[in-house]
A.B. asks: 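The following block contains the structure, expressed as structure tokens.
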Amino acid sequence: MTTVATRAAARTAAKPATMAQALNRAMRDAMAEDPTVHVMGEDVGTLGGVFRVTDGLAKEFGEDRCTDTPLAEAGILGTAVGMAMYGLRPVVEMQFDAFAYPAFEQLVSHVSRMRNRTRGAMPMPLVVRVPYGGGIGGVEHHSDSSEVYYMATPGLHVVTPATVEDAYGLLRAAIASDDPVVFLEPKRLYWSKSDWSPENPAAVEPIGRAVVRRGGRSATLISYGPSVPVCLEAAEAARAEGWDLEVVDLRSLVPFDDETVCASVRRTGRAVVVHEATGFAGPGAEIAARVTERCFHHLEAPVLRVTGFDIPYPPPMLERHHLPGVDRILDAVARLQWEAQS
Amino acid sequence: MTVQELPGAASYRPVPPPAWKPRTDPAPLLPDPEPYRVLGTEAAGGFAPDVLRRLYAELVRGRRYNTQATALTKQGRLAVYPSSTGQEACEVAAALVLEERDWLFPSYRDTLAAVARGLDPVEALTLLRGDWHTGYDPREHRIAPLSTPLATQLPHAVGLAHAARLRGDDVVALAMIGDGGTSEGDFHEALNFAAVWQAPVVFLVQNNGFAISVPLAKQTAAPSLAHKAVGYGMPGRLVDGNDAAAVHQVLSEAVARARRGGGPTLVEAVTYRIDAHTNADDATRYRVDDEVEAWRRHDPVKLLERELTERGLIDEDGIREAADQAEDMAARLRERMNADAVLDPMDLFTHVYAEQTAQLREQAAQLRAELDAEAEGDDR
Ligand SMILES: Cc1ncc(C[n+]2csc(CCOP(=O)(O)OP(=O)(O)O)c2C)c(N)n1
């Protein structure tokens with residue numbers, strides 16, 4: 001589909017794009033194609049967002065389509081609910097992970113259950129964009145991984161891209177979705193680049209499909225968002241130790257792609273779940289349980305987890321000790337030689 | 001139009017229900033239309049010279065603290081610093097109007113108020129340096145943790161003040177917030193609780209024109225932020241936030257009123273954020289230099305300096321002395337911040353619970369082993 005926006009972009013030379021630019025592009029294309037798409041949040045207009053993800057949207061589409069709201073997350077999401085009730089498709093930005101919490105009431109009490117409680121009469125086609133996770137040296141309240149709260153709320157889709165291409169493809173799908181999507185943006189990957197360019201926009205990626213980022217035979221690393229590049233690095237490093245690791249990028253936490261994950265684990269017989277959110281009652285607990293339930297007879301070892309510690313997110317000077325890194329992943333991989341140990 | 005003439009007024013109950021109690025210390029609720037000023041007016045004549053001199057010394061030190069902390073961000077010694085340059089009068093007055101037993105509830109921008117209250121300048125910066133979240137014992141200094149979620153400290157201030165009163169202590173809580181933060185639900189809930197409970201709280205809004213990039217006009221349609229007080233049933237006061245004497249006076253009155261059981265006050269100090277939101281922000285995207293220049297001419301330090309000079313309360317030696325003291329403070333701060341923070345990664349597990357869980361002990365052992373292996377690797 002060629003739109004004014006895509007034609008204009010095609011004129012600009014192809015150069016590596018960042019994840020922030022791909023997200024920006026996804027919103028622009030969606031807004032150009034569908035006049036009901038509205039972007040709103042704190043500083044999203046004139047400033048273009050503190051991470052510049054909404055840069056230029058207010059200029060291009062006007063302040064009614066890309067709106068600087070008052071500083072009130074419950075108000076932002078609550079008014080978005082009303083806008084969606086009237087047929088608009090709001091794309092809401094929460095400035096940082098920990099500042100989305102005031103909006104929880106709206107998310108849990110209304111956004112997630114509106115379709116269900118109205119027997120399908122009132123869907124909630126809105127997107128809540130949340131920059132999340134650590135690794136950028138942010139001060140307290142700027143590094144939370146809150147995905148498990150969203151995952152535990154029925155009625156929400158929860159997706160998180162790990163690549164520039166997926167940032168575009170998944171955000172397009174999220175905006176097009178007739179259900180509410182919590183779109184988690186790994187903020188430490190905002191400036192990661194790829195050769196993706198607006199001329200060949202990545203495919204719009206259906207929500208709910210995992211992807212094998214790297215094929216391997218000895219074990220599967222299951223991950224998402226900011227931990228995917230860490231897993232790929234670990235897989236490279238593991239080669240030296242004779243391990244050929246497969247890396248699965250979930251992309252979507254809800255719905256969960258059992259098929260892709262289980263196919264991989266059945267092939268390799270071993271699995272490690274990697275994420276930076278805390279481990280106890282964390283996303284990995286659910287994933288390990290599902291894999292065990294479905295692949296028990298194929299497993300050569302228990303499904304292991306490499307996660308952040310079970311502590312409040314630490315101050316920046318200590319975060320490297322908290323975040324799962326390559327060494328911790330390799331240690332877990334070594335522990336997968338279960339027979340030898342037990 | 002009176003209430004009785006309003007549409008729908010027929011169902012309006014003109015007589016208060018029996019349980020209704022009048023406020024104990026009725027004060028006019030509506031703020032003045034213009035910000036209250038002292039410096040350069042007749043009111044200044046009656047102002048205690050000692051208070052003015054003290055304010056001046058703290059203003060000069062505060063300004064220097066801001067420039068020093070901003071410089072430390074450039075050297076990578078601070079992760080980030082939200083400067084309060086231009087707003088020092090509010091910061092300093094907020095600290096000076098409180099007694100030792102009172103409590104300060106700062107926002108993330110109010111490092112200076114904490115320091116003016118006596119907090120160690122380095123301890124005040126741990127959040128922004130990144131070595132720990134809160135570098136001081138809030139109870140020792142009676143300063144709530146500086147932290148970034150906006151408006152969330154306001155209900156805390158109300159609860160603490162309420163508790164103090166329940167216990168029979170004449171403690172006052174002063175809570176600081178920015179103009180943007182007044183849009184949060186927590187702000188409204190805090191004001192409402194404070195007024196219903198007649199809690200001894202003073203709310204100080206520093207209206208510095210912007211919440212990051214969003215100007216006040218997009219934040220509120222109220223004639224002033226001080227007007228917001230009226231609906232809750234507490235007085236609202238509008239004050240020139242760059243006039244240290246005016247801020248000091250208005251806050252002192254509010255603190256005194258709260259202390260004698262008169263309930264909360266909302267004070268809006270009209271000021272301006274001279275620097276960008278933080279060192280990481282690009283203010284040229286959303287504001288024009290002319291505006292900044294106009295506010296520079298209404299500088300809080302210069303305003304007070306002029307008053308003191310004209311009234312012969314300070315001479316050149318006095319000005320130099322204040323500057324020298326500020327310079328000493330900056331040098332000490334620089335020196336101490338240039339020393340690397342001493343950190344123990346094992347602290348990650350120390351204060352999560354009063355008693356460490358078995359689970360955390362296990363994770364601590366894992367980290368210990370990693371650190372030992374790392375150290376061994378370094379030795380080789
Ligand atoms: C609940 C919450 N939402 C968003 C943010 C992100 N944020 C940090 S400072 C800021 C602007 C604050 O403006 P204002 O309250 O006017 O205070 P000022 O910065 O002017 O001192 C924003 C939006 C936050 N810290 N907390």
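Just so we're on the same page: letters track the sequence lines, and every chain starts at 1.
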A.B. asks: Among the options A:Leu47, A:Leu71, A:Leu318, pick out the one with the most heavy-atom pairs lying under 4.5 Å from chain B.
C.D. replies: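 Answer, by heavy-atom pair count under 4.5 Å with chain B: A:Leu71.
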A.B. asks: Side chain from CB out, backbone as N, CA, C, O: work out which of these in B:Ala211 comes under 4.5 Å of a heavy atom of chain A, or both, or neither.
C.D. replies: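 Its backbone and side chain both get close to chain A.
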A.B. asks: Looking only at N and O atoms, which donor-acceptor pairs between chain B and chain A are within less than 3.5 angstrom?
C.D. replies:
| unit_1 | atom_1 | unit_2 | atom_2 | d |
| --- | --- | --- | --- | --- |
| B:Gly130 | O | A:Met317 | N | 3.0 |
| B:His133 | NE2 | A:Tyr313 | O | 3.1 |
| B:Thr148 | OG1 | A:Glu140 | O | 3.2 |
| B:Glu184 | N | A:Leu71 | O | 3.4 |
| B:Ser213 | N | A:Asp43 | OD1 | 2.7 |
| B:Ser213 | OG | A:Asp43 | OD1 | 2.6 |
| B:Lys218 | NZ | A:Glu63 | OE1 | 3.3 |
| B:Gln219 | OE1 | A:Leu71 | N | 2.6 |
| B:Arg285 | NH1 | A:Leu47 | O | 3.0 |
| B:Arg285 | NH1 | A:Asp55 | OD1 | 3.1 |
| B:Gln359 | NE2 | A:Asp310 | OD2 | 2.8 |
| B:Gln363 | OE1 | A:Asp310 | N | 2.9 |
| B:Gln363 | NE2 | A:Asp310 | OD2 | 2.6 |
| B:Glu370 | OE1 | A:Arg328 | NE | 3.2 |
| B:Glu370 | OE1 | A:Arg328 | NH2 | 2.7 |
| B:Glu370 | OE2 | A:Arg328 | NE | 2.7 |

A.B. asks: Side chain from CB out, backbone as N, CA, C, O: work out which of these in B:Ala341 comes under 4.5 Å of a heavy atom of chain A, or both, or neither.
C.D. replies: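 Interface part for B:Ala341: side chain.
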A.B. asks: My understanding is that only residues two or more places apart in sequence, or in another chain, count here; which of them pass side-chain hydrogen bond (donor to acceptor under 3.5 Å, both in side chains) with B:Asp120?
C.D. replies: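 B:Arg336.
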A.B. asks: Which answer fits A:Phe99, side chain, backbone, both or neither, if we ask what part of it has an atom under 4.5 Å from a heavy atom of chain B?
C.D. replies: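 For A:Phe99, the contact with chain B is made by the side chain alone.
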A.B. asks: Heavy-atom pairs under 4.5 Å with chain A: which of B:Gly180, B:Ala151, B:Pro149 has the most?
C.D. replies: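 Looking at each option in turn, the highest pair count goes to B:Pro149.
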A.B. asks: So for B:Leu360, is it side chain, backbone, both, or neither that comes closer than 4.5 Å to the heavy atoms of chain A?
C.D. replies: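 Side chain only.
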A.B. asks: What part of B:Val214 is in contact with chain A, defined as an atom under 4.5 angstrom from a non-hydrogen atom: side chain, backbone, both or neither?
C.D. replies: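 For B:Val214, heavy atoms of backbone and side chain both lie under 4.5 Å from chain A.
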A.B. asks: What part of B:Ile212 is in contact with chain A, defined as an atom under 4.5 angstrom from a non-hydrogen atom: side chain, backbone, both or neither?
C.D. replies: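 Contact with chain A: backbone and side chain both.
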A.B. asks: Is the number of heavy atoms from other residues, nucleotides or ligands under 6.0 Å of B:Gln75 CD greater than 12?
C.D. replies: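 Atom CD in B:Gln75 is packed in, count exceeds 12.
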